[in-house]
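Before any comments, here is the structure.
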Amino acid sequence: MDMVNRLASEKPVVIFSKTTCFISHTIKTLICSFGANHVAYELDEMPNGQQLERALVVALGRQTSFPVVFIGRELVGGADEVMSLHVKGELVPLLKKVKAIWL
């Protein structure tokens, strides 16, 4: 879990993803559409990706699907939670609050 927390604190928006997951691609595209400064860790391309995936399951308290999104070092959740924030008009203000976007 320490590794997840360290990685999640490197940028205002951190996305743990898999290259083969179209939902991950959709969420990354959504966040990029606002010009957000983010980093994506593709777990299926990382040597310790399975270890990180297990840590994310522990962090969420349940089996996870991808992506797993941290905003401002806080675990937001997966695609459902990010889309819910977007639909409620709360995603952009949150991205501004953590200085992932400035406009």
Side-chain angles (χ1 to χ4, degrees):
M1 192 59 202
D2 290 338
M3 174 70 89
V4 169
N5 288 330
R6 185 179 59 75
L7 294 172
S9 69
E10 289 182 351
K11 293 278 186 178
V13 179
V14 176
I15 303 169
F16 292 94
S17 175
K18 291 188 177 181
T19 58
T20 57
C21 177
F22 74 92
I23 299 292
S24 292
H25 175 75
T26 301
I27 295 301
K28 289 184 283 189
T29 301
L30 173 67
I31 289 173
C32 284
S33 73
F34 303 118
N37 182 18
H38 82 284
V39 64
Y41 292 102
E42 304 296 346
L43 298 182
D44 55 337
E45 294 182 341
M46 298 175 70
N48 62 343
Q50 288 182 336
Q51 177 185 358
L52 289 170
E53 187 171 346
R54 285 190 297 274
L56 289 166
V57 168
V58 170
L60 289 169
R62 60 180 162 81
Q63 191 62 32
T64 187
S65 59
F66 287 89
V68 176
V69 179
F70 287 78
I71 300 177
R73 298 181 180 184
E74 297 294 323
L75 174 62
V76 171
D80 290 345
E81 291 81 8
V82 172
M83 290 305 293
S84 178
L85 287 172
H86 179 53
V87 168
K88 293 188 290 186
E90 297 173 1
L91 182 57
V92 170
L94 180 57
L95 293 171
K96 287 179 181 177
K97 179 182 174 186
V98 301
K99 296 183 178 20
I101 56 177
W102 294 274
L103 301 175

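Quick caveat, the model's predicted, so the values are computed rather than measured.
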Minimal heavy-atom distance between A40 and K28, with the atoms involved, is CB-CD, 3.7 Å

Report whether V57 and L75 are members of the same hydrophobic cluster (ILVMFWY, side-chain heavy atoms less than 4.5 Å apart, transitive linking). no

Would you say S84's side chain and D80's backbone share a donor-acceptor pair under 3.5 angstrom? no

To the nearest 0.5 Å, atom CG of L85 lies from atom CD1 of I71 at 6.5 Å

I'd like to check V68 versus V4 (side-chain heavy atoms, cut-off strictly below 4.5 Å). Are they in contact? no

Output the distance between atom CG (N37) and atom CD1 (I101), rounded to the nearest 0.5 Å. 11.0 Å

For residues G72 and V98, report the shortest heavy-atom separation together with the two atoms involved. CA-CG1, 3.5 Å

Are a donor atom and an acceptor atom from the side chains of E42 and S17 found within less than 3.5 Å of each other? yes

Counting only heavy atoms not in K11 (residues, nucleotides, ligands), do more than 12 fall under 6.0 Å from its NZ? no

Heavy-atom check, side chain of I27 versus side chain of M83, under 4.5 Å: yes

Pair K18 + E45: basic N to acidic O under 4.0 Å: no

Backbone of G78 reached by a side-chain donor or acceptor of E81 within 3.5 Å: yes

I need the minimum non-hydrogen distance between V14 and A8, along with the two atoms involved. CG2-O, 3.5 Å

Just to verify, what does H86 make a ring-ring contact (aromatic ring centres under 6.0 Å, His included) with, not counting sequence neighbours? F34

Qualifying ring-ring contact (aromatic ring centres under 6.0 Å, His included) pairs, either residue in residues 48-67, two or more places apart: none

Quick check: do I15 and V39 have side-chain heavy atoms less than 4.5 Å from each other? no

Nearest atoms (heavy-atom pairs only) where P67 meets S24: N-OG, 3.3 Å

What I'd like to find out is whether the side chain of H38 reaches to under 4.5 Å of the side chain of C32, using heavy atoms alone. yes

side-chain contact (heavy atoms from CB on, under 4.5 Å) between T29 and H25: does it pass, once the steps are laid out? CA-CA 6 Å; T29 301; H25 175 75; 3.6 Å; yes

Distance in Å, L7 CG paired with F16 CZ, rounded so as to fall on 0.5 Å steps: 5.0 Å

Could you tell me if the side chain of Y41 sits less than 4.5 Å from the side chain of L52, heavy atoms only? no

So N48 and L43, do their side chains get closer than 4.5 Å, heavy atoms only? no

Just verifying a value: how many Å separate M3 CE and L56 CG, rounded to the nearest 0.5 Å? 11.5 Å

Those residues at least two apart in sequence (or on a different chain) that pass side-chain contact (heavy atoms from CB on, under 4.5 Å) with Q50 are R54

How far does CG of L95 sit from NZ of K97, to the nearest 0.5 angstrom? 11.5 Å

